[in-house]
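Below is one structure, written out as structure tokens; the observations come after it.
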Amino acid sequence: MKTYVTTPIYYPNDVPHIGTAYPTVAADVIARWSRLGGRETFFLTGTDEHGKKIENAALNRGLTPQQLVDELSTAFVSSFRELDVAYDRFIRTTDEDHVRLVQEILLRCRERGDIYKGVYEGLYCVECEAYYSAEDLENGCCSLHIKPVELLREDSYYFRLSNYREWLLQYYEEHPNFILPQSRHKEVVRFVSAGLDDLCISRSSFKWGIPFPFDTDHITYVWFDALLNYITGIGFLDQPTQFEEFWPEVTHIIGKDILRFHGVIWPAILKSAGIPPPKRIFAHGFWMINGHKFSKSLGNSILPNYLISRYGLDPLRYYLFRECPFGEDGNFSEANLVRRNNNELAKGLGNLVQRVITMIVKYREGIVPVSGIGEEPELEIEKAADSVVIEVSAALANLALNKALEAVWGYVTRLNIYANTRQPWILAKHEDSASLDTTLAHLAEGLRFLSTLISPFMPASGAAIAVRVGLEDVPQIGDLIWGGSLTGKRVEGGPALFKMLDAPVEYGSELLSFESTQLVEPANISQEMANRM
Ligand code: MSP
């Protein structure tokens with residue numbers, strides 16, 4: 001089985017912020033989980049580099065558009081490196097193979113009779129040198145220059161999107177999981193049912209784009225160019241075998257704002273070019289700050305590099321998918337990030353790892369002991385380990401990233417409770433050697449499972465847990481069969497996996513609205529343990 005997962009390609013004239021990190025890290029989680037399951041995986045991300053805005057910005061800076069995008073796209077590459085995103089290809093729409101591909105598909109669609117020349121008429125701001133729709137305007141003026149727009153006309157090529165309305169509606173009906181979540185599927189069906197206009201796919205008023213192969217006065221207008229990245233990236237032109245194998249398995253992760261382009265225009269273009277539609281499209285919600293989509297004026301708080309340097313990468317990656325259901329909008333709050341870090345990561349998982357390793361070092365000279373036959377509490381821990389693997393697999397197959405993390409933290413809590421029930425420090429005092437061995441072996445084995453389960457979300461912490469329990473690598477999902485694979489391994493101590501973080505300035509005001517978690521109070525546990533050991 002194969003996995004192919006994509007993110008939107010980003011406009012490089014904006015800085016990479018938390019909204020662009022979100023789909024990219026989500027795709028990274030899916031790709032990492034797929035690789036851990038032994039599936040061949042291809043993960044594509046990149047930048048969407050053509051268009052009037054880039055051409056103007058380059059002009060203003062005395063650069064060619066190509067020089068400008070070469071410079072800007074590196075910000076995305078380095079942001080994704082800082083986010084520990086392991087993509088297989090970073091595509092740029094200025095890549096040579098993509099330019100060739102767009103021209104090839106334009107030819108195919110024309111042959112099919114789906115491209116014709118018409119006249120584009122629109123409301124044009126001379127200052128911006130851009131068309132606006134009536135909804136973008138304020139009292140008939142462009143909101144940037146506060147000047148009235150003009151009605152302009154230019155020759156343009158059109159794609160016969162309207163021809164595909166019936167086919168699309170039938171396709172949606174036959175493939176109810178094509179667009180997810182379900183509410184988005186319904187939204188698209190409603191939109192298409194209301195009727196489709198043909199799509200303008202060329203411009204002649206500026207030059208920064210892919211030239212039409214059959215009319216070089218025209219360049220390809222942005223969406224026709226951008227959407228095709230998904231088939232360039234997997235080798236439609238140059239690696240047809242790879243394309244054949246991966247394309248049927250593709251999942252496009254996108255934001256809800258670009259759903260119509262993906263759910264309507266994209267399958268129609270593919271159909272016209274004789275290529276099957278993608279397998280599924282998942283539209284996530286928006287991160288907001290105080291109920292507003294964020295803008296640059298909010299400053300640092302939305303920049304991944306600021307958040308990483310202040311709070312750490314893994315806490316950020318965890319927060320993004322634990323805080324709000326993937327598919328819905330969420331309110332980004334540094335206070336809640338800190339709170340979750342402190343309660344769920346530092347005191348929950350981090351403390352569990354720390355005390356298990358400390359006890360194995362203290363009572364068994366750092367070697368994982370052989371487990372005896374367990375009783376009820378051990379059987380529960382073993383059964384719960386099997387269930388959590390199944391739950392996480394099911395949740396991630398449906399892109400319910402928050403559900404996967406909820407299941408994993410349920411298991412963290414169980415292991416903490418198990419340690420409290422068995423009280424290894426008392427067993428050690430009473431020299432109940434067999435029970436102590438069984439308890440410590442079960443706790444270590446639980447950590448082995450957790451290493452795999454958290455690693456798609458928090459790769460560094462997953463790898464660190466593997467090392468702590470004496471393994472070289474994070475176990476594959478197929479290795480998560482409860483047993484004695486750690487017996488005789490030497491555990492490794494180390495600093496706390498997660499630091500307790502100081503509250504940000506806004507913390508106090510948000511404390512009240514934060515729901516308390518179900519975790520055992522590990523702060524007390526460790527204090528209690530410290531007293532007893
Ligand atoms: N270039 C197009 C996509 C072409 S895909 C063939 C584009 N680029 S974008 O840079 O403006 O946005 C990229 C993605 O970032 C979109 O999916 C958008 O939803 C996402 N986000 C931008 N701001 C966001 C939030 N505040 N929250 C979550 N995601 C957001 O559109």
The criterion is salt bridge (Lys or Arg N to Asp or Glu O under 4.0 Å); which residues satisfy it with [X], sequence neighbours excluded?
X: Glu96; answer: Arg100
X: Arg92; answer: Glu49, Asp70
X: Asp329; answer: Lys256
X: Asp432; answer: none

Which residues satisfy the ring pair (Phe, Tyr, Trp, His ring centres under 6.0 Å) test with [X], sequence neighbours excluded?
X: Phe90; value: Tyr87
X: Phe43; value: none
X: Phe76; value: Tyr10
X: Phe243; value: Phe236, Trp247

Show me the pairs that pass salt bridge (Lys or Arg N to Asp or Glu O under 4.0 Å) and involve [range], at least two apart or across chains.
range: residues 16-34; result: Asp28-Arg32, Asp28-Arg317, Arg32-Asp84
range: residues 444-472; result: Glu445-Arg448
range: residues 477-491; result: none

For this session: Using side-chain contact (heavy atoms from CB on, under 4.5 Å) as the criterion, list what pairs up with Ala384, not counting sequence neighbours.
Result: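 Ala384 satisfies side-chain contact (heavy atoms from CB on, under 4.5 Å) with Tyr411, Arg414 only.
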
Exercise. At what distance, to the nearest 0.5 angstrom, does OG of Ser455 lie from CD1 of Ile477?
Worked result: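 Rounded to the nearest 0.5 Å, the OG-CD1 separation comes to 8.5 Å.
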
Exercise. Thinking salt bridges, do Glu391 and Lys403 make one under a 4.0 Å N-O criterion?
Worked result: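 Judged by the 4.0 Å cut-off on N to carboxylate O distance, Glu391 and Lys403 do not form a salt bridge.
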
